[in-house]
Amino acid sequence: LYAFARQVFGSDRKIRFRVDYFPFTEPSAEIAFDCFACEGRDRECRVCGGDGWIEAAGCGMVHPDVLRRVGYDPARYQGFAFGGGIERLCMLRTGAPDIRLFYQNDVRFLEQF
Amino acid sequence: VLIKVPLSWLREYVDITIPVEELALKLHMSSTEVKGIERPWWDDKIRVARVEKLAKHPNADKLLLATVDYGGGTPKTVVTGATNLTEGAIVPYADEGATIIDGHTGERTILRGKPMRGIKSEGMVLSQKELGIGDDHEGIHVLDPKLPVGSLLRDVLGETILALELQPNRPDCLGVVGIAREVAALLGADLRETAADRVSPGAPKDLDVRIEDARACPRFAAAMLTGIRIGPSPEWMQARLIAAGMRPIDNAVDITNYVMLELGQPLHAYDHRKLRGGVLVARQARRGEALRTLDGVDRVLPEGTLVIADAERALGVAGILGGEDSEIRADTSTVALECASFEPRGIGRTATKLLLHGSSGSGAARRFSWELSPELVPIALARACRLFREHAGAKVEGVVDRYPNPRGRVNVRMRFSDVPRVMGIEIDPAETLDILRRLQFTAAADGDTLVATPPVVRTDIAIAEDIVEEVGRIAGYDRLPTRIPDGPLPLAERHPLEEFRERARDGLAGFGLQEIVSYSLIDPASLRQLTADGSPLAPEPLRVLNPTTVAQSVARPTLRPSLLDTARRNLRHRSSVALFEIAPVYLPRHADLPEERWTIGILLAGNSQPMKDGETWLVPERRFDLRDLQGIVAGLSDLLDVPVAGEEVAAPGLHPGRSTALRLGDRTHLVVGQLDPRLARIWELPAETFLAEIDVAVWHESARPQRVAAPPRFPAALRDLAVVVEEAIPYAEVEREIRAAAGKDLESVALLDLYRGRQTGAGKKSFAVRLVFRSAAGTLGEADVQRLVKRVTRRLQHAAGASIRE
C-alpha cells in the first residue's frame with residue numbers, strides 16, 4: 001500500500017494506518033496518505049479538509065470465517081485484503097471535481113483520459 | 001452513530017493527564033473516530049455576575065432595571081424583560097462588545113449597548129439560548145449560587161465536547177463510561193466505578209415482568225420506585241444532557257436519558273398507575289393492535305413488532321418508542337422503570353417500518369439495533385435507581401430481573417505468538433497481558449497459551465483475531481513496519497478471458513473509439529424499445545427486489561439500451577459518437593445463478609470526421625456508414641486472431657437489409673448492422689446509426705493460438721486470371737473454389753478488379769484475381785505452377801461454370 005501510494009500520488013508520500021472496522025477483515029485498518037496538495041500545512045486545505053491526511057482505502061487481515069467459507073483452512077493460511085473507491089482515487093489524482101462525472105459517460109469528460 | 005461526550009463527564013470516570021488534542025488523536029487512531037472537538041467560545045466579556053438590585057423601569061411596565069456586579073469595578077445597569085430574576089441571583093453577564101447568540105436569529109452577534117425606553121442597557125444578562133447551550137429564551141439562565149462572581153463563564157461553565165463516530169461492532173462505546181474504558185486503556189489509567197445502588201433482586205409487590213418471546217427479548221428487568229416528586233433535574237445534569245445534544249424534560253425522563261448517555265443502555269419509565277395488572281410483558285403485537293406513541297402519532301403496529309404491554313394492552317414499542325398513555329406526568333409518584341435487552345435485527349426492522357430509524361429517529365432504537373450486552377441491564381438499572389433516589393426522592397421498592405437463558409462468557413484460547421503472526425508487530429507476552437488488563441480483560445497465561453476473557457459489556461470479541469486486534473490497536477498501528485512481502489514470487493498470470501477482453505479494449509480504443517462504462521441496472525421500459533413492434537430482444541431480465549429507482553430496477557440482458565442512451569445524450573452537444581463498451585449482460589437461468597455473458601457493444605453515428613470545435617472546410621463531411629462498422633469488426637477479429645464464421649441468422653432490431661448476425665451452436669456471437677430507422681426515431685438518433693455486438697466467450701473459444709513461422713526462403717510465383725461467371729455467383733464462392741483446388745502451395749488470393757461489359761456477355765461478370773504460389777520445400781518451377789493453375793481453372797469451370805482467361 002505504501003508502494004501504491006507513492007506510485008499514484010508521488011514518491012515522497014507517507015501513509016498512516018488507523019484502526020477501523022469491517023466485517024470481513026480482522027484486524028482492520030483505514031489507510032490515509034499525507035496530503036499531496038498541502039502536505040499538512042494548510043488548515044483550510046480543500047483536498048484533505050485541513051487535517052493533513054486523505055483517507056483513501058480500507059484494509060485488513062482476511063477474517064478467518066471468510067477464508068473458511070471459500071475453502072481455506074485459517075490455521076494454515078492468512079492473507080490481507082485492501083480496497084478503495086476507484087472514483088475517489090481518480091478524483092484525487094486528476095482533480096475531477098464531481099463523482100457523478102464518472103457515471104454520465106459524457107464523451108467530453110471521457111476523452112480527457 | 002455520532003455521540004457527543006463532554007470532557008467533564010469523561011473525567012468523572014478517568015483521569016486525563018494529556019491535552020485534549022492529544023487524547024483525541026489517540027482515540028482516533030485506536031478506533032474511536034473523532035469528528036471534532038467543540039470548545040466553549042465565550043469570550044472574556046462574558047462573566048459570572050450577581051444581581052445586586054432590581055427596580056422597575058420608569059418608562060415601561062414589562063421591563064426591569066437590574067444592577068449587576070460582575071467583578072469589574074462599577075456595577076452595571078441592564079434592562080431586561082425576564083421575569084425570573086431575584087436580587088442576589090447569580091447570572092451570566094455579557095458586557096458590551098461580547099459575542100453572544102442572537103435570541104431571535106440564532107446567529108452569533110456582537111453585543112451593542114443601546115437605550116431601551118430611554119435608559120441605556122450597559123450589557124446583558126443571558127438566557128440559555130443566548131449562551132448557545134439550550135432552547136430556552138424566556139428566562140435568564142440562573143447559575144449555581146456558589147459560582148465566584150467575576151470569573152470567566154467559560155472557565156466555570158464551559159464544556160469541551162468530543163464528537164465521536166462509532167462503528168457498529170462497538171456498542172460498549174455508546175456510553176461515556178465505554179469511552180472512559182478506552183481512554184483508561186490508552187493512558188494506562190484507572191477506570192472509576194459508576195456510583196450505583198446495590199439492588200438486591202427481590203420481586204417488588206405490585207410489579208412483575210414477563211417475557212413471552214425470549215428470542216426477541218432475552219432479558220427484561222424493572223424496578224419499582226415510589227414516592228417520586230417530578231420536577232426539573234439538577235442543573236449539572238441538564239447541562240450535560242444539553243452538551244450531549246439532548247433536551248432536558250423532567251427529572252424522571254432526564255435520569256433515564258442520562259443513564260443511556262452514560263452507559264449506552266436505554267431505559268423507559270412508566271407511570272405505574274397506568275399499568276393494568278401491575279405487570280410488564282414483552283410480547284409480539286397482536287394483529288391490528290394500535291397504540292398512540294409519545295410523539296402523539298396513532299400507529300397500527302406492523303406484524304413482527306415486539307411490544308411492551310401490561311396485562312391488557314400494548315404500552316409501547318419495545319426498545320423504540322414509549323406510549324403516550326403511560327408516560328410520566330407532573331403528578332406521577334410511582335414509576336415502573338424498564339431496563340431490557342432486545343434482539344438487534346428485530347429492533348432495526350421495526351424502526352425502519354415505523355420510520356424511526358437513522359439519526360433523526362429514536363435514540364433508543366439506534367442503540368438497541370446494535371448488540372448491547374445483556375449484562376448492561378442490571379448495571380444500568382442500579383445506576384438509575386441511585387439517581388432516582390438522589391434526584392427524584394424515590395424509594396426503591398424492589399427489582400425484578402428475568403434472564404431465562406443467560407449467555408455464557410466468552411473465553412478465547414490462543415497463542416501469544418498469534419499476536420506478532422497476524423499483526424506483524426513484535427509484541428511480547430508481557431505487553432500483551434498488560435494491554436489486555438488495561439482493557440479490563442481477564443487474561444491467564446500458561447507458556448505460549450493465552451486465555452482471554454473480555455469485560456462483560458464487550459459483545460464484539462469471539463476469536464483469537466479479535467484479541468490480536470485489541471492488543472495491536474492499543475499498542476498502536478504506528479508500530480507497523482513497512483516492508484515488501486518476501487518469499488518466492490507468485491507467477492503473475494492474468495485470467496485468459498480478462499486478457500482477451502483487455503486486447504479487445506486496447507484495439508477498439510486504438511481504432512479511435514471511446515470506451516464507456518454504463519450502469520448494469522437499467523430501466524425495464526427501455527427493453528421494449530429495441531424492436532419496432534416492442535417484442536423482446538433478450539430474455540426477461542432479472543429484477544432488483546428493492547430498487548432505489550425504476551430507472552435502475554433490472555439487470556441488463558443486453559448492452560443495447562445503454563449504448564443508445566449514451567449516444568442520444570452525447571449527440572445533444574456533438575456531431576458524432578463512436579462508442580464501445582465491454583461488460584457482462586445478465587441472463588437468467590432456471591434454478592441457477594444467472595449467466596454473466598461478457599459482451600462487446602459498438603455504436604457509430606454521425607460525422608466520421610468530427611472537429612473538436614465544430615466543422616471546418618479543411619475536412620469534408622463524411623457520415624459513418626456500414627462499412628466503417630464492418631471495418632472495425634474485421635479489424636478487431638484480425639487483431640484477436642478470430643476467424644469470423646457461423647450460420648447467418650436474422651438480427652432483430654436492426655435494418656433487415658443492412659444487417660447480419662452469425663450463430664455458432666446456440667450462441668449468436670456477432671451482430672452487425674444499421675439500427676432499424678424506426679427505432680432511431682424513438683431514441684432520437686440519426687437514421688444512420690450503426691451497432692455491433694460480440695459475444696466475447698465465443699470469440700475467445702474460436703481464437704487461434706498465436707503461432708509464428710520464419711519468413712519464406714523460396715521465391716513466389718504470381719499468376720493473374722480473369723474468371724467470368726454468372727452474375728449470381730458471389731466472389732466468396734470463387735475464392736473458396738480456388739483455395740480448395742490449389743491446396744497448400746497457394747499463399748494468397750486477391751481480387752484485383754470486377755468487370756461487366758461487352759467482353760463478358762449479358763448476365764455475366766468477370767473477376768480479375770491474382771494468385772500467389774509458394775512452396776515451403778523449394779522453388780516452384782514453371783511446370784509446377786502450370787499444373788496448379790490448371791487444377792484451379794478446371795475446378796472453376798466445373799464447380800462454378802466459369803470460363804477462364806489467363
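Given the structure is predicted, the values throughout are model-derived calculations rather than measurements. We name chains A, B, ... by the order of the sequence lines, and we start the count at 1 in each one.
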For the atom pair CZ (B:R574) and CG (A:D106), what is the distance rounded to the nearest 0.5 Å? 8.0 Å
Side chain, backbone, both or neither: which part of A:F17 has an atom under 4.5 Å from a heavy atom of chain B? both
Considering all heavy atoms of both residues, which atom of B:R569 and which atom of A:Q104 are nearest to each other, and what is their separation? NH1-O, 2.9 Å
I want to check something: taking the side chain as every heavy atom from C-beta on, are A:R16 and B:M29 in contact at a cut-off of under 4.5 Å? yes
Counting heavy-atom pairs under 4.5 Å with chain B, the top scorer among A:G60, A:P23, A:S28 is A:S28
Any chance CD of A:E44 has more than 12 other-residue heavy atoms, nucleotides or ligands included, within less than 6.0 Å? no
Give, for atom CD of A:E55 and atom CD of B:E33, the distance between the pair rounded to the nearest 0.5 Å. 6.0 Å
Within 6.0 Å of CZ in B:R421, more than 12 heavy atoms from elsewhere: yes
Can you give me the closest heavy-atom contact between A:D20 and B:Q167, atom names plus distance? OD1-NE2, 3.1 Å
Heavy atoms, side chains only, cut-off 4.5 Å: are A:E26 and B:V422 in contact? no
Is B:S518 in contact with chain A via its backbone, its side chain, both, or neither, using a 4.5 Å heavy-atom distance? both
Proximal component of B:D466, with respect to chain A [non-hydrogen, under 4.5 Å]: both
Decide yes or no for A:P27 and B:R473: does some side-chain heavy atom of the first lie under 4.5 Å from some side-chain heavy atom of the second? no
So how far is it from B:E515 CD to A:L110 CG, rounded to the nearest 0.5 Å? 9.0 Å
Would you indicate whether the side-chain heavy atoms of A:N105 and B:D565 approach each other to under 4.5 Å? no
Of the backbone (N, CA, C, O) and the side chain (C-beta and beyond), which part of B:L480 lies under 4.5 Å from a heavy atom of chain A, both, or neither? side chain
With a 4.5 angstrom heavy-atom cut-off, is it the side chain or the backbone of B:S562 that approaches chain A, or both, or neither? neither
Tell me which of these, B:M423, B:H573, B:E470, has more heavy-atom pairs under 4.5 Å with chain A than the rest. B:H573
Kindly state each residue pair satisfying ring-ring contact (aromatic ring centres under 6.0 Å, His included) with at least one member in residues 88-113 of chain A, sequence neighbours excluded. A:F102-A:F109, A:Y103-B:Y519, A:F109-A:F113
Look only at the side chain of A:R18 and the backbone of B:S30, and say whether a donor-acceptor pair between them is shorter than 3.5 Å. no
Are there more than 12 heavy atoms of other residues, nucleotides or ligands under 6.0 Å from atom CD of B:E165? yes
For the candidates B:N570, B:L579, B:D460, which exhibits the highest count of non-hydrogen atom pairs separated by less than 4.5 Å from chain A? B:N570
How would you list, by chain and number, every residue that makes a side-chain contact (heavy atoms from CB on, under 4.5 Å) with A:L67, sequence neighbours excluded? A:V62, A:Y72, A:P74
Are more than 12 heavy atoms, taken from residues, nucleotides or ligands other than A:Q7, located less than 6.0 Å from that residue's CD atom? no
More than 12 heavy atoms of other groups within 6.0 Å of B:R479 CZ: yes
For B:R170, which atoms come within 4.5 Å of any heavy atom of chain A: side chain, backbone, both, or neither? neither
B:E465 side chain to A:M61 main-chain N or O, any donor-acceptor pair under 3.5 Å? no
Answer yes or no: are there more than 12 heavy-atom neighbours, outside A:F24 itself, under 6.0 Å from its atom CZ? yes
